[in-house]
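Order of listing sets the numbers, starting from 1, for every ligand and every atom in it. The figures that follow rest on heavy atoms only: side chains count, while hydrogens, waters and symmetry mates do not.
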Amino acid sequence: MQNIALITGVTGQDGSYLSEFLLDKGYEVHGIIRRSSVDFRERIAHLEGTPNFHLHYADMSDSMSLVKLVGKVQPTEIYNLAAQSHVQVSFDAPEFTADVDAVGVLRILEAVRTNHLENTCRIYQASTSELYGKVEEVPQNENTPFHPYSPYAVAKLYGFWIVKEYREAYNMYCCSGILFNHESERRGETFVTRKITLAAARIAQGKQECLYLGNLDSLRDWGYAKDYVECMWLILQQEKPEDFVIATGVQHSVREFTELAFRHAGIELKFEGKDLEEKGICVSVTNPENEHLVGKTLVAVSEDFYRPTDVVNLWGDPTKAKAKLGWNPQSTSFEQLVQLMVEHDMAKVAADSVASKVRTNLAEYLEKGLVK
Ligand code: NAP
Ligand code: GDD
């Protein structure tokens, strides 16, 4: 029988890697997209036109669209990745976040039941380490109590419990992966890691003067997104549906991430001062053309990036995933992750600047009538 996957959130970081992973495994992959004024789906553009890859319009806030789509696709596996996934934004748009991240999960479960697929379709729910929030123990495992600490986390907590409820009430194969932060060169540009790697690349190439961040002391367990999508699939291949913590088991601060990212961009930083007065000052550079940066403040703290309540101590214990899924949490180390993101962004900034030079030259030539 052909494996048919339906992915919500297919245009996101994880959706794009998961699509590639499942297509490689021979799945027929269907993804949900929503109408946007800019129809540029950067992360999956390379997959469009692939014979087994299909996109459909639907929305997590529109039950009827989900019911109809699940009925049409008849998936054997659903990966529910769609979410308003930015924690800080959830303080500005809490109701939308709850609708998509909490009730959206219920809508998917009900769409499966409405189409009488509860015995044939397995469901993966993209749960999160944010559930541990104001943490009650370190490191966190499957038995650590939850203490959600943002509108996003509260919405995701509903998602976690409704999945557990449907598993027990209706005997459905549905489970949650409690994933700790995972990053990549496809990470959204306002999440802290990508914001840092892009800024390091821009500063190293003279395109930005200073990077403004919030809480530098915040601790995260950062892994590589490409490694984590494999776990989503493994979780759905187990005999019994169970929830899993997926993490590297290694913790670093935002400050450490920043130092390492700038080092890979050829800039050595030294942090001085405390809290809002803390600054990252350039102490040396590898590229002689950047000598003028030495002594300058390249990283500063801004209150704008502080959250009303912040989660500051995430550190996952992947013992269960290692033992039951046979998964290697260290296949990409923190150092490799930072390096691959910075290398990608150094190349991207260089390419953007060539493209922009070509555009400027072309505009000038057109103006002078040198090209028609
Ligand atoms: P992402 O890059 O922000 O992608 C989110 C996806 O959800 C996008 O495809 C987005 O579509 C879609 N979406 C948002 N609202 C929607 C709606 N109303 N209807 C349909 N689709 C909608 O997130 P990600 O990093 O890939 O994360 C994937 C999932 O894992 C999310 O549920 C996130 O909360 C969870 N998670 C992520 C991490 C992490 O570190 N990355 C850790 C734990 C859990 P558009 O492209 O149209 O906006
Ligand atoms: N975004 C951002 N921007 N965060 C900053 C900044 C900044 O300028 N400065 C410091 N931080 C701190 C945040 O306060 C937070 O403590 C930490 O860096 C990580 O922030 P994000 O990268 O925005 O990620 P997140 O941990 O809040 O949420 C991500 O991971 C969750 C899993 O734990 C998202 O992907 C969520 O969807 C996911 O559930």
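With hydrogens left out, the protein atom closest to atom 25 (O) of ligand 1 is Arg187 NH1, 3.4 Å, a heavy atom. At the top of the distance list for atom 20 (O) of ligand 2, counting protein heavy atoms only, stands Arg307 NH2, 3.5 Å. Annotation: atom 42 (C) of ligand 1 to nearest protein heavy atom, His182 CE1, 3.3 Å. If you check which protein heavy atom lies closest to atom 46 (O) of ligand 1, you get Thr11 OG1, 2.6 Å. Protein heavy atom closest to atom 35 (O) of ligand 2, with residue, atom name and distance, is Arg187 NH2, 2.9 Å. Here the heavy atom of the protein found nearest to atom 29 (C) of ligand 1 is Leu81 O, 3.1 Å.
Within the 4.0 Å heavy-atom cutoff, Ser127 counts among the residues contacting ligand 1. Within the structure, ligand 2 lacks Glu189 among the residues with a heavy atom less than 4.0 angstrom away. Residue contact annotation: Glu130 has no non-hydrogen atom under 4.0 Å from ligand 1. Heavy-atom separations between Tyr306 and ligand 2 are all 4.0 Å or longer. Remark: distances from the non-hydrogen atoms of Val311 to ligand 2 include one below 4.0 Å. Taking a 4.0 Å cut-off on heavy atoms, Gln88 fails to register as neighbouring ligand 2. Ligand 1 does not have Thr8 within reach: every non-hydrogen atom of the residue lies 4.0 Å or more from it.
Residue contacts with ligand 1 for Tyr152 involve side-chain atoms from C-beta outward but no N, CA, C or O (heavy atoms, distance under 4.0 Å). At a 4.0 Å heavy-atom cut-off, ligand 1 does not touch His86 at all. Under 4.0 Å from ligand 1, not a single heavy atom of Ser129 appears. With a 4.0 Å cut-off on non-hydrogen atoms, Arg34 touches ligand 1 through its side chain and not its backbone. For Lys156, every heavy-atom contact with ligand 1 shorter than 4.0 Å involves the side chain, none the backbone. Of all the heavy atoms of Val100, the ones lying under 4.0 Å from any atom of ligand 1 belong exclusively to the side chain.
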- Task: Check the pair Tyr166, Glu118 against side chain to side chain donor-acceptor pair (under 3.5 Å), reporting the backbone distance first and the verdict last.
- Result: CA-CA 10 Å; Tyr166 273 49; Glu118 55 272 61; over 6 Å; no
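In terms of N/O distances under 3.5 Å, ligand 2 is approached by Asn181. Considering backbone and side-chain atoms alike, Thr193 places every N or O at 3.5 Å or more from each N or O of ligand 2. When only interatomic distances are considered, the shortest N/O to N/O separation between Gly214 and ligand 2 falls below 3.5 Å. Considering backbone and side-chain atoms together, Glu183 places no N or O closer than 3.5 Å to any N or O of ligand 1. Considering backbone and side-chain N/O of Phe191, none are found under 3.5 Å from N/O of ligand 1.
Listed by number with element, the atoms of ligand 2 under 4.0 Å from a non-hydrogen atom of Val254 are 18 (O). The contact set between ligand 1 and Gln13, taken as ligand atoms under 4.0 Å from a residue heavy atom, comprises 2 (O), 25 (O), 26 (O), 41 (N).
Remark: Lys320 is positioned above the aromatic ring of Phe244, its terminal NZ or CZ atom under 6.0 angstrom from the ring centre and at most 45 degrees off the axis. Stacking of Lys195 on the aromatic ring of Phe305 is recorded, both the 6.0 Å distance cut-off and the 45° axial limit being met.
The aromatic rings of Tyr149 and His147 lie perpendicular to each other, with more than 60° between the two planes, well past the 30° mark.
Checking Gly15, Ser90, Gly9, Ser85 against atom 1 (P) of ligand 1, the nearest heavy atom belongs to Ser85. Looking at Val192, Leu216, Val89 and measuring to atom 22 (O) of ligand 2, the nearest heavy atom belongs to Val192. Between Ser85, Ser129, Ser253, Ala199, it is Ser129 that holds the heavy atom closest to atom 33 (O) of ligand 2.
In this structure the side chain of Glu136 reaches within 4.5 angstrom of the side chain of Pro145, judged on heavy atoms.
A donor-acceptor contact shorter than 3.5 Å links the side chain of Gln330 to the backbone of Thr248.
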